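All figures in this text were calculated on a predicted structure; none of them were measured in a lab.
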Amino acid sequence: MDAADPERGDRERALEREVAKLKRINAALIERVEASNLPRSAPYAAFEHAALLAEQVRERTQELNQAMHELRASNRLLVEARERAETAGQHLVDAIESITDAFVLFDADQRIQRFNSRFAEFWRPAGIRIASGMHMEELRRLAVNSGLVLSEQLGHGDRRTLYRLHDDRWVQVHQRPTRGGGRVMLYVDITALKRQEHARREHALAQKSRLQQITLDSLSQGVAVIGAGGQLEMCNQRFRTLTGLTALEVPHALATLAGDSALIVAGDARGVTVPCERQLPDGRVVEVRGHAMPGGGQVLTYTDVTERIHHAETLRERERWIRTITDELPAMIAYLDRDLRYVFTNRVYEEWYGWPRDLLLGGELSALHSAEHCARLAPFLDRALSGESVSFEFPEHGANGQERVLLRAYVPHVGEHGEVLGLFVLIRDITERRRTAEALHQAYQNLEQRVRERTTELTRVNSQLRGEIAERAAVEQRLREAKAEAETANLSKTKFLAAVSHDLLQPLNAARLFTGALGEHEVTPDGQALIEQIGRSLKDVETLLGTLVDISKLDAGVVTPDVAAFPVAELLDGLAREYRQVAASEGLTLHYVPCDGVVQSDIQLLSRVVRNFLTNAVRYTERGRILLGCRHRPDGLEIQVVDTGMGIEEAELGVIFQEFRRSHAVGKRQDRGLGLGLAIADKIARMLDHPLGVASVAGRGSRFSILLPYGQAAPHSPLAPAPSPGGHLALQGRRVWVVDNDADICEAMRLLLGRWGCRVWVAESEAALAAQLDPATAPADVLVVDYHLDEGDTGVALAERLNAARRDPLPVVVITANHSHELRQLLRERGHGLLHKPVKPLKLRMVLARLLAETG
């Protein structure tokens, strides 16, 4: 603002001079007009000219007024700017003073422009007074001459410098150039940081010393560090233990310890201990070595080499044994290292070449053999050194001049990382073998003529044989065609048996029902025995027929497994109850071990396999017991049936699973069965992929087993409780409807159910039943219906129609020869009972009693 005041004054004076000039011009013009001697018209022209001049003067006056107004506004702005500059300058001074470190600002000439009080205090101890305008070089000279600065260190880059002061303080100077060419410097006292850094360095050195001592103490060797002056500077615990100097204080003069321990060995002319071995009083051997250090002194290492010496002696002993063995072998044996130097040779190898052992061991192959010999071996040696085992024949002259054919073998010695460490050489004399081969070759040449003669004769014989072969081929073709026809006929037979199972079982079912009804009558003991004999015969016929049908279905491939997870107890509990009575009737005892495992299989097919095992156990066991149980195996659950019967001969174990094969052992029921039970079990097991097992000792018993995969338990309905032996009492007075398209079965059911106290209505069709009563309103307790009815109708559909018309649906029992999974699933969903033909009276009574008990 001070510089702006003169400029403003100059502008005002210039404007005043211009105004005065304009006034003088105006006065001169007026005076000129009044004194002029112009014509009459001239005054008007002068007046007009004066008016124009007045207008110009007025315009210039307005411009001058505008300029004066702008000048006054500029003056106000200049005043405000000066005030702001003064405020900013004060703020700058305050800011510089508020800096905690020493601050100085140099101008472009490197002279002090501004500084704070801390900068002045920094120089005051040296008696230096700071003032504006001082040059930077003058400050540096004063700092050095006054002794304020002891040393100077450049920092990272050229903008930071460290100074150590006379009072052991440290200052770090930061500098930056300004936009006008000056320089800003900041003096920071870092004494505390330096002291912390020094403390950290001392701590690190102490820690490093501790780590070095710990490292030395962890070494298995004894270590002692000897300084250049012969002082023991450092040692580890192992050194103290070996030397016996457990109370040694370091540092310590090494020369004074020579008499205290035999392990303190004097050095050579350079002061370095020569490697040597010392034996301790307890028999141990210690190796002492000295290692010179670059700055003088040495590091002594003490290594217990007792074990190494023992190992070396052991290795030498083993080498003597190996050499003794290899020297007695007729083959030549050697070992070459990677550089093809001899490391080992046996006596035969040395005798062949006529060289002493001292000459061979350590010698190079190229130095001990001729160049021609090495050149012939070079390709094979290169292959062996690359990791390939090489074997080749090599004619060679020995030390006695005799030529022999040698079979050489090079076996590479491969290290842990795949590198070849050396070669094992094995050389055998095959001269006699070559001579034998040549003799055989000569004999072969003589035989060629005889072979040609025999070939001519054989050609003629071959022509005859070709004719015979053609005839045999035609016969074989006819046999294959006959076999194909037989297989087709067998398959047709199989499919036929599988298809007619229902028709075959119908009369058998009626016979079983009639026999059951006859058994309910009061007859003489002889008649009762006859009825029981008929029942057993029918049961045998049923078993044989069922077996034939099953094997036919399996051969025809119409059986589809229904594999699902289920508790094995669902199968075995029922079989145990059933066969416990069967075994008791034969005078046997059945032991059952329950199991809570869950398996993955088809419960119906699996039931047939286990039934066959139990049936055979009962059939071929005269006395004793039968065991049914399970064993947990790593790969599944194994169901086992064990008996104390007659057993099976070892020669028969391989054929008992074939069709129509029966054991030669004679059982109580040797006259029954076709020998298909185990064949069916084997076919089912193969279909389900369940391995079968058998073990037997003749005269002691057998064990049959099947291995099932484990499954996961799934929600299932609980097993229905077994009806009580007196379940027939629950049938007294019960109203039973029976629908079957076979009149004989209807009559047999009427007689059988009537003997149990039931009120029975039988009919061959739905219409026949409706002719006897009203199916929608007539009272009834249970409906027994055959699955296959006339005209394509089924018992399930008939039961649905009858129950749809009734207010209270009837419980239903379906009788069928169909064993399909689909039908079982359908009846399970409907809640109907299921009986397979031929129907056993006892089982029919149990099912009826259970259904009536459930419905109340």
Side-chain angles (χ1 to χ4, degrees), residues 311-312 314-449 451-452:
H311 290 163
T314 302
L315 289 175
R316 285 193 292 271
E317 183 65 23
R318 291 181 179 177
E319 183 182 359
R320 285 194 295 272
W321 275 103
I322 292 173
R323 184 167 296 280
T324 301
I325 295 172
T326 55
D327 286 347
E328 299 301 324
L329 295 176
M332 290 182 280
I333 301 173
Y335 180 81
L336 301 174
D337 62 10
R338 178 73 183 178
D339 298 325
L340 299 181
R341 291 188 178 88
Y342 282 101
V343 178
F344 175 84
T345 56
N346 67 342
R347 179 175 53 80
V348 179
Y349 196 98
E350 297 161 359
E351 291 176 352
W352 170 254
Y353 289 106
W355 291 332
R357 179 168 299 172
D358 295 339
L359 179 63
L360 274 177
L361 297 183
E364 294 184 0
L365 181 70
S366 58
L368 297 173
H369 296 279
S370 64
E372 180 184 0
H373 181 86
C374 295
R376 294 172 61 191
L377 294 178
F380 305 104
L381 290 171
D382 293 340
R383 290 169 57 188
L385 290 175
S386 64
E388 178 184 357
S389 296
V390 183
S391 180
F392 59 97
E393 295 181 3
F394 192 85
E396 188 176 353
H397 288 83
N400 55 5
Q402 183 181 8
E403 182 179 10
R404 308 290 289 179
V405 179
L406 304 179
L407 178 63
R408 287 178 171 266
Y410 293 155
V411 180
H413 177 201
V414 182
E416 296 181 357
H417 303 290
E419 74 280 8
V420 177
L421 304 178
L423 302 177
F424 295 100
V425 181
L426 177 64
I427 304 175
R428 290 176 291 169
D429 188 348
I430 59 170
T431 306
E432 299 302 329
R433 185 196 306 175
R434 288 291 302 273
R435 291 174 180 173
T436 303
E438 291 176 358
L440 290 175
H441 178 71
Q442 185 65 32
Y444 174 76
Q445 295 294 332
N446 296 332
L447 286 174
E448 286 186 351
Q449 181 62 33
V451 169
R452 283 193 293 268

*Of all pairs that satisfy salt bridge (charged side-chain N to carboxylate O under 4.0 Å, His left out), the ones with a partner from residues 383-392, not counting sequence neighbours*: Arg383-Glu388
*Salt bridge flag under 4.0 Å for residues Glu419 and Arg338*: no
*With sequence neighbours left out, what residues match His311 under side chain to side chain donor-acceptor pair (under 3.5 Å)?*
none
*Can you measure from CG (Asp339) to CG (Leu365) and round to the nearest 0.5 angstrom?*
12.0 Å
*Nearest 0.5 Å please: distance from the CG atom of Asp337 over to the CG atom of Leu421.*
10.0 Å
*Are Arg408 and Leu377 side-chain neighbours, meaning at least one heavy-atom pair lies under 4.5 Å?*
yes
_Approximate separation, where rounding is to 0.5 Å, of Glu396 CD and Ile427 CD1_ = 6.5 Å
_Heavy-atom pair with the smallest gap, counting every atom of Val420 and Ser386_ = CG2-C, 4.4 Å
*Is there side-chain contact between Tyr335 and Val425, with at least one heavy-atom pair below 4.5 Å?*
no
*Can you check whether Leu381 reaches Val390 side chain to side chain, under 4.5 Å on heavy atoms?*
no
*asked:* Holding to ring-ring contact (aromatic ring centres under 6.0 Å, His included), I want the full list of residues that pass it with His373, two or more places apart in sequence or in another chain.
replied: His369, Phe394
*asked:* Applying side chain to side chain contact (heavy atoms under 4.5 Å, CB included), can you list everything that pairs with Thr436, at least two apart in sequence or on another chain?
replied: Leu440
*asked:* According to side chain to side chain contact (heavy atoms under 4.5 Å, CB included), who are the partners of Pro379, at least two apart in sequence or on a separate chain?
replied: none
_What I'd like to find out is whether the side chain of Glu364 reaches to under 4.5 Å of the side chain of Cys374, using heavy atoms alone._
no
_Testing the basics here: between Ala384 and Pro412, what is the closest heavy-atom pair and its distance to 0.1 Å?_
O-CB, 3.4 Å
*Could you grab the distance from atom CZ of Phe424 to atom CG of Leu336, nearest 0.5 Å is fine?*
10.5 Å
*Working to the nearest 0.5 Å, report the span between CD1 of Ile333 and CZ of Phe344.*
7.0 Å
*Pairing residues for Phe380 by the ring-ring contact (aromatic ring centres under 6.0 Å, His included) criterion, not counting sequence neighbours*: Phe392
